[in-house]
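A note on names: the letters A, B, ... follow the listed sequences, proteins ahead of strands, and every chain is numbered from 1. Atom set for the values below is all heavy atoms of this structure, side chains included, hydrogens, waters and symmetry mates excluded.
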2 protein chains.
Amino acid sequence: MESKVMSIGVVCELTGLTERQIRYYEERKLIFPERTKGGNRRYSFEDVKSIQEIHQKMQEGFNTFELKELNKSKKQRCTPIFR
Amino acid sequence: MESKVMSIGVVCELTGLTERQIRYYEERKLIFPERTKGGNRRYSFEDVKSIQEIHQKMQEGFNTFELKELNKSKKQRCTPIFR
DNA sequence: CGTGTAAGGAATTCTGACACG
DNA sequence: CGTGTAAGGAATTCTGACACG
């Protein structure tokens with residue numbers, strides 16, 4: 001389910017986090033919700049999963065910069081390597 | 001995906017129908033969205049599927065009353081029969 | 001750094017009604 | 001019967017900023 005269909009309020013309910021926290025993860029480029037024509041955020045279930053993982057990692061002591069690096073290396077692992 | 005997470009605007013986009021049509025199906029007891037504390041409707045992906053089926057049937061000439069009967073018999077088929 | 005909050009505005013949704021047919 | 005619409009209000013969400021630390 002990668003379709004972006006949820007407003008931030010629903011994501012708050014599903015994750016137990018605040019709007020502030022969720023918007024901050026976006027500010028730090030950790031999640032990428034879509035926008036309606038009016039500018040409202042729309043999240044997917046995958047986004048919700050990401051948000052929960054991010055929050056988990058942060059409670060373990062990681063900061064948002066480190067999480068961004070982790071995400072980068074995740075992507076690199078999935079892309080072909082040329083030498 | 002039976003979690004009720006979508007606002008009516010998203011359902012309009014997914015189905016191509018108007019808010020009026022979607023609310024009318026609810027008025028006729030064909031779909032059952034949840035409500036936020038504030039009173040806003042929340043739909044699931046199953047609701048979206050139902051809405052599309054309802055719209056399809058209506059274009060084939062059924063009215064909402066007949067569709068309600070169809071739904072009843074569907075449920076009856078799934079419940080045990082006692083004689 | 002990560003999050004709370006008050007502020008003001010804008011987008012979204014709600015209901016009940018009138019209309020057509 | 002099924003749907004469009006204008007009306008007025010209410011719930012939801014948005015941004016930028018100040019605060020603490």
Side-chain angles (χ1 to χ4, degrees), chain A residues 3-72, chain B residues 3-72:
Chain A
S3 42
K4 309 271 191 175
V5 296
M6 284 176 276
S7 62
I8 196 165
V10 175
V11 178
C12 288
E13 286 178 22
L14 294 180
T15 61
L17 304 182
T18 65
E19 297 185 4
R20 186 68 164 98
Q21 291 174 301
I22 296 167
R23 293 202 192 101
Y24 184 65
Y25 297 169
E26 178 183 3
E27 188 182 324
R28 301 313 311 275
K29 312 280 186 190
L30 295 174
I31 53 175
F32 307 92
E34 288 182 352
R35 298 280 185 145
T36 63
K37 318 93 216 163
N40 284 18
R41 274 166 266 250
R42 290 288 177 257
Y43 301 87
S44 66
F45 279 100
E46 289 196 356
D47 288 328
V48 170
K49 231 186 289 179
S50 296
I51 290 168
Q52 288 169 329
E53 289 174 4
I54 292 164
H55 180 65
Q56 175 62 31
K57 286 295 181 190
M58 286 184 65
Q59 289 207 313
E60 291 172 10
F62 294 91
N63 63 34
T64 53
F65 180 75
E66 293 167 331
L67 291 180
K68 219 177 309 176
E69 293 304 308
L70 278 179
N71 243 314
K72 272 188 199 167
Chain B
S3 42
K4 308 272 190 174
V5 297
M6 283 176 277
S7 63
I8 196 165
V10 175
V11 178
C12 288
E13 285 180 22
L14 293 180
T15 61
L17 304 182
T18 65
E19 299 185 4
R20 187 69 165 96
Q21 291 174 299
I22 295 168
R23 294 202 192 102
Y24 183 66
Y25 298 168
E26 178 181 4
E27 188 183 322
R28 300 313 311 271
K29 312 282 185 188
L30 296 174
I31 53 175
F32 306 92
E34 288 181 354
R35 296 280 184 145
T36 65
K37 319 93 216 161
N40 283 20
R41 274 166 267 249
R42 288 288 176 258
Y43 301 86
S44 65
F45 279 99
E46 290 198 353
D47 288 328
V48 171
K49 230 185 289 178
S50 296
I51 290 168
Q52 288 169 329
E53 289 173 4
I54 292 164
H55 180 65
Q56 175 62 32
K57 285 294 180 189
M58 287 183 64
Q59 289 208 312
E60 292 173 8
F62 294 92
N63 63 35
T64 54
F65 180 76
E66 293 166 330
L67 291 180
K68 219 176 311 177
E69 294 302 311
L70 278 179
N71 243 314
K72 272 188 200 167

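- Note: CD1 (B:Ile22) to P (D:dG4) measures 11 Å, nearest angstrom.
- Around the NZ atom of A:Lys68, the shell of radius 6.0 Å holds more than 12 heavy atoms that belong to other residues, nucleotides or ligands.
- Note on A:Ser7: every side-chain N or O is 4.0 Å or more away from OP1 and OP2 of C:dT12.
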> A:Val11 and A:Arg41: side chain to side chain contact (heavy atoms under 4.5 Å, CB included), yes or no, with the steps?
Replying inline: CA-CA 11 Å; A:Val11 178; A:Arg41 274 166 266 250; over 6 Å; no
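- Side-chain atoms of B:Arg20 come within donor-acceptor range of the base of D:dT5, with a qualifying N/O pair under 3.5 Å.
- Closest to the side chain of B:Arg41, out of D:dT12, C:dC14, C:dG2, is C:dC14.
- Following rounding to the nearest Å, B:Lys4 (NZ) and C:dT13 (P) show an atom-to-atom distance of 16 Å.
- If you check the side chains of A:Gln56 and A:Gln52, you find no donor sitting under 3.5 Å from an acceptor.
- Protein atom CG of B:Leu17 is 9 Å distant from nucleotide atom P of D:dG4, rounded to whole Å.
- Regarding A:Tyr25, its OH atom lies at a distance of 9 Å from the P atom of C:dG2, rounded to whole Å.
- If you take CD1 of B:Ile51 and P of D:dG2, they are 15 Å apart, rounded to a whole angstrom.
- Residue B:Arg28 is in sugar-phosphate contact alone, with no base atom involved, counting any heavy-atom pair closer than 4.0 Å across all strands shown.
- Following rounding to the nearest Å, B:Arg23 (CZ) and D:dT5 (P) show an atom-to-atom distance of 13 Å.
- Both distances falling under 3.5 Å, in either a Watson-Crick or a G-U wobble arrangement, place C:dG8 opposite D:dC14.
- A distance-only check finds no donor-acceptor pair linking the side chain of B:Lys4 to the backbone of B:Arg35 [under 3.5 Å].
- Among the nucleotides D:dG2, C:dT13, D:dT13, the one closest to any side-chain atom of B:Asn40 is C:dT13.
- Between C:dT12, D:dC14, C:dT13, one nucleotide has an atom nearer to the side chain of A:Ile8 than all others, and that is D:dC14.
- When both pairing distances are held under 3.5 Å, C:dG2 makes a Watson-Crick or G-U pair with D:dC20.
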> Yes or no on side chain to side chain contact (heavy atoms under 4.5 Å, CB included) for B:Asn40 and B:Ser7, after CA distance, side-chain angles and deciding distance?
Replying inline: CA-CA 7 Å; B:Asn40 283 20; B:Ser7 63; over 6 Å; no
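- In this structure, of D:dG2, D:dG4, D:dT13, it is D:dT13 that holds the atom nearest to the side chain of B:Arg42.
- Between B:Arg35 and the phosphate of D:dT12, there is no side-chain N or O to OP1/OP2 separation shorter than 4.0 Å.
- Going from atom CG of A:Asn63 over to atom P of C:dT3 covers 11 Å, rounded to whole Å.
- With C:dC14, D:dG2, C:dG4 as the choices, the nucleotide that has an atom nearest any side-chain atom of A:Thr18 turns out to be C:dG4.
- Residue B:Tyr24 has no polar side-chain atom (N or O) positioned under 4.0 Å from OP1 or OP2 of D:dT3.
- Nearest to the side-chain atoms of B:Gln21 among the listed nucleotides C:dG2, C:dT12, D:dG4 stands D:dG4.
- Put simply, CE on A:Met6 is 17 Å from P on D:dT12, counting in whole angstrom units.
- Both A:Lys37 and A:His55 sit near DNA chain C, but only A:His55 has its closest nucleotide nearer the 5' end.
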> After noting the C-alpha distance and the side-chain angles of B:Asp47 and B:Ser44, does the key distance pass the side-chain hydrogen bond (donor to acceptor under 3.5 Å, both in side chains) rule?
Replying inline: CA-CA 5 Å; B:Asp47 288 328; B:Ser44 65; 3.2 Å; yes
